[in-house]
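One structure is given here, and the rest of the page talks about it.
Sequence lines set the chain letters: A, B, ... in the order given, protein chains first and strands last, and positions in each chain run from 1.
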Protein chains: 2
Amino acid sequence: MITLTEENYIKAIYHLGSNGNESVNTNAIAEAMQTKASSVTDMVKKLSEKNYADYKKYQGVTLTERGRQVAVSIIRKHRLWEVFLVEKLNFSWDEVHEVAEHLEHIKSEKLINQLDAFLEFPKHDPHGDPIPDKEGKFQHIEKIILAKADVGSVYKCVGVDDSSSSFLKYLDSNKIALGTVISVLHKEPYDNSVKIALGDTAIVVSQNVAKNLYLKKVES
Amino acid sequence: MITLTEENYIKAIYHLGSNGNESVNTNAIAEAMQTKASSVTDMVKKLSEKNYADYKKYQGVTLTERGRQVAVSIIRKHRLWEVFLVEKLNFSWDEVHEVAEHLEHIKSEKLINQLDAFLEFPKHDPHGDPIPDKEGKFQHIEKIILAKADVGSVYKCVGVDDSSSSFLKYLDSNKIALGTVISVLHKEPYDNSVKIALGDTAIVVSQNVAKNLYLKKVES
DNA sequence: ATTTATTTTTAGACTAGTCTAAATTTTATT
DNA sequence: AATAAAATTTAGACTAGTCTAAAAATAAAT
């Protein structure tokens with residue numbers, strides 16, 4: 001049996017280690033889990049004993065294939081529930097994360113597969129993140145951050161790198177949502193801010209924003 | 001903060017004490033919670049300290065108003081999720097309980113009220129049990145058990161007293177569902193079995209079944 | 001190449017919830 | 001009313017997860 005806490009650690013290690021591929025430090029996990037390094041040491045030992053992770057003292061921890069499968073399964077649930085909350089229960093994209101943090105731990109194959117079907121097999125969550133299918137396969141889309149977009153080209157918004165409520169609310173107030181068409185007008189070398197056009201209005205966004213907004217080129 | 005375990009004990013005490021109105025024994029709780037009496041004693045002390053229950057040594061435990069409110073709130077969530085599972089995700093009525101046992105603990109006012117609206121404010125769950133509204137008010141329907149129904153009268157099925165999977169599957173295999181019209185043909189004094197008509201077929205059900213099926217008289 | 005700073009681990013203690021076994025109280029029976 | 005039976009509580013121990021403080025190992029800086 002896997003516990004709730006084990007699941008949360010596995011998820012954190014997955015995200016911190018670029019989708020379960022890299023080794024993760026004790027302190028990074030402690031920071032993400034809002035706990036102390038000593039607690040993390042205890043838990044990674046346990047995860048290692050249970051074959052969810054590989055761990056050598058002082059050398060960080062990496063998920064095993066088994067650990068990655070657990071992580072992907074949790075992420076699938078999390079993102080499907082987020083779609084449900086937005087599409088069916090009228091939540092806004094900055095409200096879904098907290099509730100999905102709880103829903104993601106409910107373990108019922110039938111529940112999640114029926115939910116998937118009910119939502120018509122969505123491929124992305126409300127923040128543009130890909131939803132793995134039943135077999136754990138992701139369907140990635142080609143995307144770049146606004147900071148690396150070409151001046152003069154036309155894009156559409158396909159995701160965010162920062163899903164914090166404050167960033168999402170900033171986007172709302174600037175009428176930027178998934179699917180919004182964005183033309184890159186100018187990049188200011190001084191502070192790396194970017195001037196973009198949204199329909200007939202032009203706005204300037206900071207480097208911070210430009211690094212957290214994913215775009216995809218639109219064929220003209 | 002209330003813990004998951006506290007919530008489950010409160011719910012058990014509520015059900016065992018006829019909806020939170022009567023005092024409940026330690027052993028009854030232990031049986032319902034699949035735990036030992038000594039664990040129950042510890043927990044009821046804790047619930048008492050937290051003002052969810054009144055408890056005097058050796059005298060059983062009763063929910064306080066505060067405890068009843070917690071119980072009703074959990075029951076509201078449980079039953080709304082059951083409706084969701086049946087109506088939207090095509091679960092059968094014998095499959096919903098287990099999953100709802102987990103969903104009922106997710107605490108988000110917005111989640112549950114939006115779910116309620118999405119389901120169009122159902123008044124009863126898939127087993128015919130009433131769903132309390134936002135304020136905790138139940139809308140009871142007048143109902144009697146088949147064992148006490150009048151021979152010669154016509155009823156419809158409005159609920160079950162036993163929600164076990166085996167009983168529900170028995171009803172499925174005999175084509176009895178919520179809303180099914182049932183005429184009472186004969187009561188056998190020898191073993192208290194009851195002969196009923198379902199459409200054009202007549203079947204005999206045991207006393208056990210007759211005591212667990214709720215009916216409401218149909219105006220002819 | 002040492003010393004210093006940082007990171008990580010260990011040791012021991014705490015809380016929530018559980019258990020077994022023994023002690024106590026209540027209830028039932030003679 | 002005394003005794004037996006049943007129910008309940010206490011005492012002490014265990015697991016999961018957490019913490020603080022101290023020790024140990026690694027990484028950085030002189």
Side-chain angles (χ1 to χ4, degrees), chain A residues 1-17 22-63 66-67 70-71 74 101-102 104-107, chain B residues 1-17 22-63 66-67 70-71 74 101-102 104-107:
Chain A
M1 262 306 299
I2 191 165
T3 69
L4 178 63
T5 313
E6 286 166 0
E7 287 196 344
N8 281 328
Y9 272 93
I10 289 172
K11 190 175 52 142
I13 295 167
Y14 181 88
H15 286 307
L16 292 168
E22 290 167 22
S23 171
V24 181
N25 293 331
T26 302
N27 272 350
I29 300 170
E31 159 82 27
M33 294 292 296
Q34 298 272 65
T35 184
K36 295 298 155 79
S38 55
S39 307
V40 174
T41 300
D42 285 347
M43 181 53 80
V44 298
K45 276 183 190 167
K46 197 178 157 205
L47 293 178
S48 174
E49 274 162 26
K50 288 191 168 190
N51 278 308
Y52 292 118
D54 291 322
Y55 165 67
K56 279 198 207 72
K57 272 192 201 173
Y58 297 101
Q59 301 310 133
V61 63
T62 321
L63 290 184
R66 178 169 144 91
V70 169
I74 297 167
E101 287 285 295
H102 299 286
E104 70 187 4
H105 297 291
I106 294 176
K107 286 175 276 294
Chain B
M1 262 308 298
I2 191 166
T3 69
L4 176 64
T5 314
E6 285 165 2
E7 286 196 345
N8 282 327
Y9 272 93
I10 289 172
K11 189 176 51 142
I13 295 167
Y14 182 89
H15 286 306
L16 292 168
E22 291 166 21
S23 172
V24 181
N25 294 330
T26 301
N27 272 350
I29 300 171
E31 158 83 26
M33 295 291 298
Q34 298 271 67
T35 184
K36 295 298 155 78
S38 55
S39 309
V40 174
T41 300
D42 286 347
M43 181 53 80
V44 298
K45 277 183 189 166
K46 197 179 157 204
L47 291 178
S48 174
E49 276 163 25
K50 288 191 168 189
N51 278 307
Y52 291 118
D54 291 323
Y55 166 67
K56 280 198 206 72
K57 271 192 201 175
Y58 298 99
Q59 301 310 133
V61 64
T62 321
L63 289 185
R66 179 170 143 90
V70 169
I74 297 167
E101 287 285 295
H102 296 104
E104 71 186 5
H105 297 291
I106 294 176
K107 285 175 278 292

Sort me out a list of protein N/O and nucleotides 13-16 of chain C N/O pairs below 3.5 Å, or just none if empty.
none

Sequence neighbours excluded, which residues qualify as salt bridge (charged side-chain N to carboxylate O under 4.0 Å, His left out) partners of B/Glu101? B/Lys11
Euclidean distance, atom NZ of residue B/Lys36 to atom P of C/dC19 [Å, nearest integer]: 6 Å
B/Ile29 CD1 - D/dT8 C1' separation (whole Å): 12 Å
For D/dT8 and B/Asn27 - does any side-chain N or O of the residue sit under 4.0 Å from the phosphate oxygens OP1/OP2? yes
Taken in chain and number order and not counting sequence neighbours, the residues that satisfy salt bridge (charged side-chain N to carboxylate O under 4.0 Å, His left out) with B/Lys45 are none
Quick one: side-chain hydrogen bond (donor to acceptor under 3.5 Å, both in side chains) partners of B/Tyr52, sequence neighbours excluded? B/Arg66
Stepwise, does the side-chain contact (heavy atoms from CB on, under 4.5 Å) test hold for A/Thr35 with A/Tyr9? CA-CA 11 Å; A/Thr35 184; A/Tyr9 272 93; 3.6 Å; yes
Could you list the residues that satisfy side chain to side chain contact (heavy atoms under 4.5 Å, CB included) with A/Gln59, not counting sequence neighbours? A/Lys56
Among all residues two or more places apart in sequence or in another chain, which pass the salt bridge (charged side-chain N to carboxylate O under 4.0 Å, His left out) test with A/Glu6? A/Lys46, A/Lys50
Between protein and nucleotides 21-29 of chain D, what N or O pairs are separated by less than 3.5 Å?
from: D/dA25; atom 1: O4'; to: A/Tyr58; atom 2: OH; distance (Å): 3.4

All salt bridge (charged side-chain N to carboxylate O under 4.0 Å, His left out) counterparts of A/Lys36, not counting sequence neighbours: none
Quick one: list whatever passes side chain to side chain contact (heavy atoms under 4.5 Å, CB included) with A/His102, sequence neighbours left out. B/Ile106
Any side-chain N or O of A/Ser39 less than 4.0 Å from the OP1 or OP2 oxygen of D/dT18? no
Atom CD of A/Gln34 and atom P of D/dT18: how far apart are they, to the nearest Å? 12 Å
